[in-house]
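Let me begin by presenting the structure, written as structure tokens, before commenting on it.
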Amino acid sequence: MMSTTENISTSFKVAAKVKDYFQLIKFTLSFTVVFSCVICYLLAPEITYNLKMVVLLFVAGMLVTGSANAINQAVEKDTDAMMKRTGKRPVADGRMSQQEAYTFALVAGVVGVLLMWQFFNLTSALLSAFSLFLYAYIYTPLKKVNSIAVLVGAFPGALPCLIGWVAGTGEFSVGGWILFGMQFLWQFPHFWAIAWVAHNDYSKAGFKLLPSDKGPTKFTALQSVVYALIMIPVGILPYYFNISGSLSLWIVLICNLCMVAQCIRLYIEMDVKAARRVMFSSYIYLPIVLLALLLDKVNS
């Protein structure tokens, strides 16, 4: 029989391994991504709240997203080790082998896509697989090549909205594209703010993620303002196409104006503090907007 000390040691090892896997799938990021997918599924016409289907979509989404993030960390093992903010990730720190990360990614990705196919539809399953491929094998290596990686990465970043809608409707209809467009545009000020704050780390690793080769510049800030401004008319479309009501229209408009204001402030102040405000504003923006749309959903 195992001694009490051995039991405690085993428990700590298991807890440490679980913690490593949470880091491997970037749990907080994955949760945010899957949250968007679930909300957009519930926004689909004729879809009503069903706990079983929501849980299945959440699990499938976490598996697919976790797979993409695991591949990302396996591929970027050496560059992650160079950066302060990522140096303690399990693969970069040597606590987990690249092979283990790839094996997990394969199993999680296949199971996640099959769940989408089995319980929702083939279209959403194929879209999930495409999103995983685009993030892991196109966006990830492109980050070291050219700042266009941010544009490319915005597609798999926004696809969860379309996946959720298609999972609910079985088709690529206008509502799904509107939700995709909203999250697609949101990513530019969001990600450029992160890249601004972490510019030194990213530069050390050879990542090219800001619009200007010279790093944080007026051009970068101006680009953020432009995308934030485009978010305003796009934010009106859910009301115009009868997806949600007038209350959410005003909430989304206020949120968009706040994003514009923070981006303009970044353009004026040009410092990390202002970039951090844009970053945190974008974190708050997404759940407020999506929940407002859902709570104000027009039942047809």
Side-chain angles (χ1 to χ4, degrees), residues 26 28-29 31-33 35-36 79 82-86 135 139 142-158 160-161 179-237 248-293:
K26 302 179 186 176
T28 303
L29 173 62
F31 183 90
T32 303
V33 169
F35 173 81
S36 300
T79 48
M82 296 168 63
M83 298 189 290
K84 184 179 179 181
R85 60 187 292 272
T86 56
Y135 180 86
Y139 163 70
L142 195 58
K143 289 194 288 183
K144 283 192 170 185
V145 179
N146 192 282
S147 60
I148 199 173
V150 175
L151 173 63
V152 174
F155 284 92
C161 294
L179 296 167
F180 169 88
M182 291 175 70
Q183 188 147 312
F184 180 82
L185 293 168
W186 164 84
Q187 288 177 93
F188 291 92
H190 167 74
F191 197 79
W192 282 331
I194 294 174
W196 190 306
V197 172
H199 176 63
N200 291 335
D201 246 5
Y202 281 152
S203 296
K204 190 190 304 180
F207 290 144
K208 300 174 181 179
L209 298 170
L210 290 172
S212 172
D213 292 335
K214 297 177 181 178
T217 62
K218 284 281 188 181
F219 179 70
T220 297
L222 182 60
Q223 290 285 297
S224 298
V225 173
V226 169
Y227 278 95
L229 285 169
I230 299 172
M231 287 164 64
I232 295 175
V234 174
I236 297 171
L237 295 179
S248 60
L249 169 68
W250 288 106
I251 293 173
V252 173
L253 178 61
I254 291 168
C255 288
N256 283 335
L257 289 172
C258 287
M259 281 298 298
V260 171
Q262 291 297 345
C263 290
I264 290 174
R265 192 169 178 181
L266 174 62
Y267 181 80
I268 294 169
E269 298 179 7
M270 289 294 297
D271 58 19
V272 171
K273 186 177 180 181
R276 192 171 280 115
R277 279 195 294 265
V278 174
M279 182 177 72
F280 284 118
S281 296
S282 66
Y283 282 132
I284 297 168
Y285 172 94
L286 203 58
I288 292 176
V289 164
L290 289 174
L291 287 173
L293 292 174

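- Contact annotation: the side chain of Ser281 approaches that of Met259 to within less than 4.5 Å [non-hydrogen atoms, C-beta and beyond].
- Counting non-hydrogen atoms of neighbouring residues, nucleotides and ligands closer than 6.0 angstrom, the CZ atom of Phe31 reaches no more than 12 such neighbours.
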So Met231 and Tyr227, side chain to side chain contact (heavy atoms under 4.5 Å, CB included) or not? Walk me through it.
-> CA-CA 6 Å; Met231 287 164 64; Tyr227 278 95; 5.6 Å; no
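- One finds the SG atom of Cys258 at 10.5 Å from the OH atom of Tyr285 (value rounded to the nearest 0.5 Å).
- Between Ile230 and Pro233, the shortest heavy-atom contact is O-CD, 3.1 Å.
- Looking at Trp186 and Val234, their side chains never come closer than 4.5 Å, going by heavy atoms from C-beta outward.
- The two residues Pro189 and Val278 come nearest to each other via the heavy atoms O-CG1, 3.6 Å.
- Taking 4.5 Å as the limit, some side-chain heavy atom of Phe155 sits within range of a side-chain heavy atom of Phe180.
- Inter-residue side-chain proximity for Trp196 and Met270 is flagged as met; some heavy-atom pair is nearer than 4.5 Å.
- Nearest heavy-atom pair, Gln183 versus Ser36, reported as atom, atom and distance to 0.1 Å: OE1-OG, 3.0 Å.
- Looking at Ile236 and Leu253, their side chains never come closer than 4.5 Å, going by heavy atoms from C-beta outward.
- Heavy atoms only, all atoms of each residue included: Cys255 and Val289 are closest at CB-CG2, 3.9 Å.
- Below 30°, between 30° and 60°, or above 60°: for His190 and Tyr283 the angle between ring planes is above 60°, a perpendicular geometry.
- The backbone N or O of Asn200 lies less than 3.5 Å from no partner atom in the side chain of Ser203, so there is not a single donor-acceptor pair.
- Checking side-chain atoms of Asp201 against main-chain N and O of Met83 turns up no donor-acceptor pair under 3.5 Å.
- The heavy-atom pair separating Ile264 from Val225 by the smallest distance is N-CG2, 3.8 Å.
- Distance check, rounded to the nearest 0.5 Å: CG of Leu229 to CG of Leu185 gives 11.0 Å.
- The OH atom of Tyr202 sits 3.5 Å away from the CZ atom of Arg85 when rounded to the nearest 0.5 Å.
- The distance from atom CD of Gln262 to atom CZ of Phe280, rounded to the nearest 0.5 Å, is 12.0 Å.
- When side chains are defined from C-beta on, Arg277 does not count as touching Leu266, because their heavy atoms never get closer than 4.5 Å.
- Other residues, nucleotides and ligands contribute at most 12 non-hydrogen atoms within 6.0 Å of the CD1 atom of Ile148.
- Here the CG-CE distance, from Asn256 to Met182, works out to 6.5 Å after rounding to the nearest 0.5 Å.
- Between Thr79 atom OG1 and Lys144 atom NZ the span is 4.5 Å, to the nearest 0.5 Å.
- Shown here for Leu249 and Gly235, the closest heavy-atom pair between the two residues is CD1-O, 4.5 Å.
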